[in-house]
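None of the values given here were measured: they were computed from a predicted structure.
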Protein chains: 2
Amino acid sequence: MSDYIKTIKKSKLFRRVPEEELEDLLEHLDSQLKFYSKDQVVLTAGRRIKRVGLILDGILNLYESDFWERTHQIDQLKQGELLMENFAVSGSVTMHSVTAETASAVLWLNIREILTLDEKHTYNTVLIQSFMREMARKNLQLYTRLSDMDRLTTKEKLLSFLSKEALHHHSNEFDIPLSRQQLADYLSVERSAMSAELSELARQGYLITRKNHFILLKK
Amino acid sequence: MSDYIKTIKKSKLFRRVPEEELEDLLEHLDSQLKFYSKDQVVLTAGRRIKRVGLILDGILNLYESDFWERTHQIDQLKQGELLMENFAVSGSVTMHSVTAETASAVLWLNIREILTLDEKHTYNTVLIQSFMREMARKNLQLYTRLSDMDRLTTKEKLLSFLSKEALHHHSNEFDIPLSRQQLADYLSVERSAMSAELSELARQGYLITRKNHFILLKK
DNA sequence: TGTTATCTGTTGGAAAACCAACAACGATTT
DNA sequence: AAATCGTTGTTGGTTTTCCAACAGATAACA
């Protein structure tokens with residue numbers, strides 16, 4: 001535990017908790033630190049869970065498998081992110097399975113405890129705020145990706161994504177943090193077709209691009 | 001306000017708040033009831049907001065507009081749902097504009113107030129729980145749709161969606177709550193092409209369907 | 001009952017996307 | 001400097017999807 005105490009203190013969830021209250025808080029949350037080796041199964045779908053995971057180290061993969069027993073990756077979560085928070089909070093049965101992409105460490109927290117504490121500590125307010133902030137952040141992220149994907153053509157998906165990047169950078173000129181393959185995965189399209197479409201958009205005067213650098217042009 | 005007090009009491013957010021505390025709570029939340037006529041603009045993108053909306057009546061449309069000033073509908077929210085909760089909680093600038101699809105009533109709440117109250121009322125815990133539950137529920141809903149859409153072909157999108165429906169109904173036989181057009185919109189594909197693909201899936205032995213009734217078959 | 005409106009499945013031509021293969025480029029290593 | 005490796009853009013053939021139009025089925029209504 002002590003190895004990870006620094007990571008915990010720096011995490012979005014606990015960053016604002018007063019240092020002297022941290023240990024007390026972790027105890028109240030009935031926290032458990034668990035380790036997983038590469039490819040180990042962390043959780044399987046179909047269970048009710050009470051705990052939220054905070055990933056202290058490593059990378060985890062979320063999967064779901066369908067009626068015909070085919071599996072499909074949903075998401076990949078890294079250090080600092082929350083795990084299964086939606087299932088834990090809503091109390092619904094998990095639909096996702098989790099495996100470790102790399103050796104990982106997860107701090108499991110009984111987040112509901114915080115809501116039923118008798119005494120009022122500073123952390124009470126702080127933790128709830130941080131937790132809600134994280135949920136809202138994730139929610140917005142999902143909305144953003146959904147609205148990029150909710151288009152019939154690759155061209156429209158690209159324009160939607162690039163618009164948001166421009167907005168985010170307060171400029172029509174910016175670098176994107178994704179490789180072509182990563183961008184294609186994000187938009188759920190095929191890489192080479194997307195590259196071709198980017199060239200086509202440049203030809204049509206929507207933008208200028210070279211590698212990760214983009215300049216959007218009003219037509 | 002009194003016209004809507006019943007709706008408020010029945011809402012997911014306030015349902016569990018003790019009746020005698022409700023009025024006090026609404027005051028603490030600095031609540032404001034606002035009305036909007038059909039097509040009226042409720043909010044425009046690019047602002048920081050502090051309040052969460054609870055839709056007491058009507059239907060609202062969420063839009064975003066891109067770099068080239070083209071607008072695109074993101075979502076439609078109905079009575080009982082929360083509005084702009086992610087922006088209010090995370091404190092980030094709104095990217096969405098909201099207009100009224102029908103005449104509507106929205107109760108605006110300063111949700112952050114609940115986290116800084118001195119006294120501890122029952123509602124304190126209850127409201128936060130309800131609020132977090134709602135966020136988690138919405139989050140899961142977004143994840144679900146994303147994973148249905150995160151496929152390259154219409155066939156895969158359909159199989160993903162139908163698998164989840166089967167899981168949800170604990171049976172390989174079920175009715176879906178969407179018309180063909182609604183399903184096509186949900187999956188971001190073209191209706192007639194989707195219908196054709198459903199016929200093809202039936203021909204290939206994945207399922208039997210007639211109107212809204214489906215039977216999935218192991219191959 | 002007959003009329004109308006809505007929803008669904010089918011079809012064919014046009015457009016878009018997939019897919020595999022390859023070449024150009026840049027960065028890194030030897 | 002040469003070789004290697006990963007990334008990106010291009011191309012051509014094939015598949016899938018879009019799109020518009022239409023016909024049959026179903027439900028709602030007069």
Starting at [atom1] of [X] and ending at [atom2] of [N], how long is that distance when rounded to a whole Å?
X         : N       : atom1 : atom2 : value
Leu198(B) : dT17(D) : CG    : C1'   : 14 Å
Arg210(A) : dT8(D)  : CZ    : P     : 12 Å
Arg180(B) : dA27(D) : CZ    : P     : 14 Å
Arg151(A) : dC18(D) : CZ    : C1'   : 17 Å
Glu197(A) : dC18(D) : CD    : P     : 15 Å
His213(A) : dT8(D)  : NE2   : P     : 16 Å

Indicate the atoms forming the closest heavy-atom contact of Leu216(A) with Ala166(A), along with that distance.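 Heavy atoms only, the tightest pair is CD1-CB, 3.8 Å.
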Check each residue of residues 152-162 of chain B for a non-hydrogen atom within less than 4.0 Å of any atom in DNA chain D, then write out the ones that pass by number, or none. Thr153(B), Thr154(B)
Output yes when Glu81(A) and Lys12(A) qualify as a salt bridge under the 4.0 Å nitrogen-oxygen rule, no when they do not.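 Salt bridge absent between Glu81(A) and Lys12(A).
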When you check the gap from the basic side-chain N to the acidic O, do Glu156(A) and Arg70(B) get nearer than 4.0 Å?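 Yes, charged N to carboxylate O under 4.0 Å.
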Distance-only polar pair, side chains of [X] and [Y], donor-acceptor under 3.5 Å:
X         : Y         : result
Lys138(B) : Tyr143(A) : yes
Glu64(A)  : Ser147(B) : yes
Arg137(A) : Gln141(A) : yes
Asn212(B) : Asp175(B) : no
Ser160(A) : Arg151(A) : yes

Could you tell me the boundaries of the chain A footprint on DNA chain C, defined by atoms under 4.0 Å from its heavy atoms? dA17(C) to dG26(C)
Considering only distance and modelled atom types, tabulate donor-acceptor pairs under 3.5 Å from the side chains of residues 194-201 of chain A, sequence neighbours left out.
| residue | atom | partner | partner atom | Å |
| --- | --- | --- | --- | --- |
| Ser199(A) | OG | Ser195(A) | O | 3.3 |
| Glu200(A) | OE1 | Arg203(A) | NH1 | 2.6 |
| Glu200(A) | OE2 | Gln204(A) | NE2 | 2.7 |

Looking at residues at least two apart in the chain, or sitting in another chain, which of them share a side-chain contact (heavy atoms from CB on, under 4.5 Å) with Lys9(B)?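 Result, side-chain contact (heavy atoms from CB on, under 4.5 Å) vs Lys9(B): Ile5(B), Glu19(B), Leu22(B).
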So does His168(A) have more than 12 non-hydrogen atoms from other groups sitting under 6.0 Å from NE2? no
Might you confirm whether atom NZ of Lys50(A) has over 12 heavy atoms from other residues, nucleotides or ligands at distances under 6.0 Å? no
For DNA chain C, determine which residues of residues 199-209 of chain A have any heavy atom closer than 4.0 angstrom to one of its atoms, and list them numerically.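 Of all residues in residues 199-209 of chain A, none places a heavy atom under 4.0 Å from DNA chain C.
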For DNA chain C, which residues in residues 183-195 of chain B have a heavy atom at a distance below 4.0 Å?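 Correct list: Arg191(B), Ser192(B), Ser195(B).
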Suppose we call two aromatic rings close when their centres sit under 6.0 Å apart. Are Phe87(B) and His96(B) close by that rule? yes
